[in-house]
Amino acid sequence: MVNKDKVIIFDTTLRDGEQSAGAGLTVEEKNVIALQLEKLGVDIIEAGFAASSPGDFQAIQKISREVKNATVASLARVVPSDIESAAKALEFANDPRIHTFVSSSTIHMEHQMRKDPEEILEMAVTAVKKAKQYVDDVEFSPMDATRTDIDFLITLLEATIDAGASTVNIPDTVGYGIPNEFGKLINRISKEVSNLGNSIISVHCHNDLGLAVSNSLSAVENGARQIEGCINGLGERAGNASIEELVMGLETRKDYFGVSTSIKTSEIGPTSRLVSNLFGFPLQANKAIVGQNAFRHSSGIHQDAFLKDRSTFEIMEPEDVGWRGEALVLGKLSGRAGLRSRLQDLGYDLNDEELLEVFPAFKILADQKKEITDLDLESLMAEHHRSSFEGNFEIDSVEVQCGNMVQPKATVSLKIPEGRVKKVESFGTGPVDAVCKAIDKIIEIPVNLTEFSVNAVTQGIDSLGEVTIRISDDLGQIFSGRGSDADIVVSSAKAYVNAINRMIMIREESSNSTI
Ligand code: KIV
Ligand code: ZN
């Protein structure tokens, strides 16, 4: 039975989100995100596209074994070998779903697929039937649905439902839809697909015109009961509908939509920051729900009214979405028990060994900053996660000489594989350039630094600086790295080494073919 009051949340951060230009995660990082998505309470985690790469296959396999309270899905084209790899990767999932798709618009059928509608229909039906031999739960997507002839779209949906699809997804693949018009399309589908029965109508909206969330919500008003999206609105080009905005739209305006989701909203903030960290995409300050300014009031009139009654200028409570403020929580004199307890409040359950590893970094930071906030602690944990990942290279020490009267020079010492330490010096156009050149001399893998940005974790001059770096290899593939430290030159060195380690790891995973 379709529960008309519930909207199913389908998260595709690890599939469509990973298609964001410049993204690239290791299998372990995808697993960490999947476990957090499970905690957040999403109904379905699209863990990847099994046939697309060995790394995706392994990630789906790992996530299928570890995630127990969400459906795990793999994407598959309507080709037999894709369906087979998806089924194999999902073998150990408690609740597996195969999501198969094919283009259905004239423009895609003619120019991309070079097939006529009858062939597309036949391929779609065959694929759904094949997927059904492996799993009960099959989703079908006619790609570029919003530019597809409506009669053909309805025929395709009816045929794939007959073949066994229990969810039919309407992708606005190129972000072409307009809310009112998209809502009408969903309404027509809900009325005109003759065999819809208990099948769920899903929507998957891209954000090329900035309308992905509006289109999805309009679809919910018109009968869609599954919405697909990504944390922080990641995804191809301008991204997908942002899960946090979709969910808080439905929650905050329950009076209007009259539906609920299974999302634990207080996990939204931690999930957003984890995804931002591991993908290496900093959040814009004014991003709805999760941006640093989302709950800051600066105008005097607003502040005055807000202090009298929060609801004058706030439609959501920041705590409801797991927002972390800048209130001081720990200091120089805090001990291990205090740190453990605060980290527990933030959702990090550290065992004794992990606490021993994190504590020295906390002490150094507390000495530098004196006052530590939750945001500092989250950054510290992200840095711990990065450095405990089995990288090939690790920063041992960084020293720089710079200023307007000397040529910038860096001395960098790196721990290299086999536990040895190598130290070199290099000059550069600035301190960061000199540091990266020194690292290049040790690592000897040709890469280009293509992007560099620094963000302050908190306000104030003593803030931790979080550096995001992107590098490209000789094939033009892009990898990101992050590092945080009170000294931004050290953060830069950490971020550069993190990007190189991730490049090596992702390349290795891609060459360890298991399919
Ligand atoms: O945007 C799209 O059409 C997709 C499909 C594979 C669902 O991502
Ligand atoms: Zn998409």
Side-chain angles (χ1 to χ4, degrees), residues 8-21 23 42-53 56 60 71-79 82-83 85-86 89 97-109 111-113 120 123-124 127-128 131 137-149 152-153 156-157 160 165-177 182 185-186 189 199-213 215-216 219 224 226-243 245-246 279:
I8 297 165
I9 302 295
F10 178 113
D11 180 281
T12 181
T13 307
L14 297 175
R15 199 278 297 169
D16 216 318
E18 221 223 353
Q19 289 171 221
S20 314
V42 304
D43 299 282
I44 298 151
I45 298 172
E46 187 163 55
F49 181 172
S52 71
S53 75
D56 260 41
I60 299 167
T71 298
V72 179
S74 169
L75 188 67
R77 288 168 301 178
V78 289
V79 296
D82 272 33
I83 306 278
S85 333
R97 170 178 294 193
I98 294 179
H99 173 196
T100 186
F101 75 100
V102 68
S103 287
S104 56
S105 63
T106 307
I107 197 166
H108 277 210
M109 288 191 294
H111 302 292
Q112 182 204 350
M113 302 293 292
I120 294 286
M123 287 166 78
V128 171
D137 185 353
V138 176
E139 171 172 335
F140 171 70
S141 288
M143 187 152 88
D144 203 15
T146 40
R147 295 191 299 168
T148 296
D149 172 75
F152 179 56
L153 183 62
L156 196 51
L157 298 179
T160 48
S166 42
T167 301
V168 282
N169 182 39
I170 309 302
D172 183 21
T173 304
V174 291
Y176 181 73
F182 189 61
L185 173 67
I186 301 304
I189 289 170
S199 303
I200 300 278
I201 302 176
S202 166
V203 293
H204 173 110
C205 298
H206 278 271
N207 207 28
D208 300 66
L209 295 175
L211 294 172
V213 170
N215 283 332
S216 308
Q226 174 176 293
I227 40 186
E228 304 195 354
C230 294
I231 300 295
N232 300 338
L234 294 174
E236 277 278 354
R237 307 181 310 280
N240 288 68
S242 122
I243 297 262
E245 293 173 23
L246 290 172
F279 272 77

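Residues take their numbers from the sequence shown, with the count starting at 1. When a ligand or atom number is given, it counts from 1 through the structure's own listing order.
Scanning the protein heavy atoms around atom 4 (C) of ligand 1, the nearest turns out to be H204 NE2, 3.5 Å. Here the protein heavy atom with the shortest distance to atom 5 (C) of ligand 1 is R15 NH2, 4.0 Å. With respect to atom 1 (O) of ligand 1, the closest heavy atom belonging to the protein is H206 NE2, 3.0 Å.
The two residues A76 and I98 have their closest heavy-atom pair at CB-CG2, 4.3 Å.
The ligand atoms of ligand 1 that sit less than 4.0 angstrom from a heavy atom of M143 are 3 (O). Every atom of ligand 1 with a heavy atom of D16 under 4.0 Å away is listed here by number and element: 8 (O).
When the Zn ion (ligand 2) is compared with the N/O/S atoms of H204, atom NE2 turns out nearest.
By the criterion of a heavy-atom distance under 4.0 Å, both the backbone and the side chain of T173 are placed next to ligand 1.
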Quick one, F152 with I120, criterion side chain to side chain contact (heavy atoms under 4.5 Å, CB included). Give me CA distance, side-chain angles, the key distance, then yes/no. CA-CA 10 Å; F152 179 56; I120 294 286; 4.3 Å; yes
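A donor-acceptor pair shorter than 3.5 Å can be found between the side chains of S141 and N169.
Of the possible polar contacts, one joining the N207 side chain to the A212 backbone as a donor-acceptor pair under 3.5 Å is found.
The structure places CZ of F140 at 5.0 Å from OG1 of T160, a figure rounded to the nearest 0.5 Å.
Rounding to 10 degrees gives 110° for the angle at the Zn ion (ligand 2) between OD2 of D16 and NE2 of H206.
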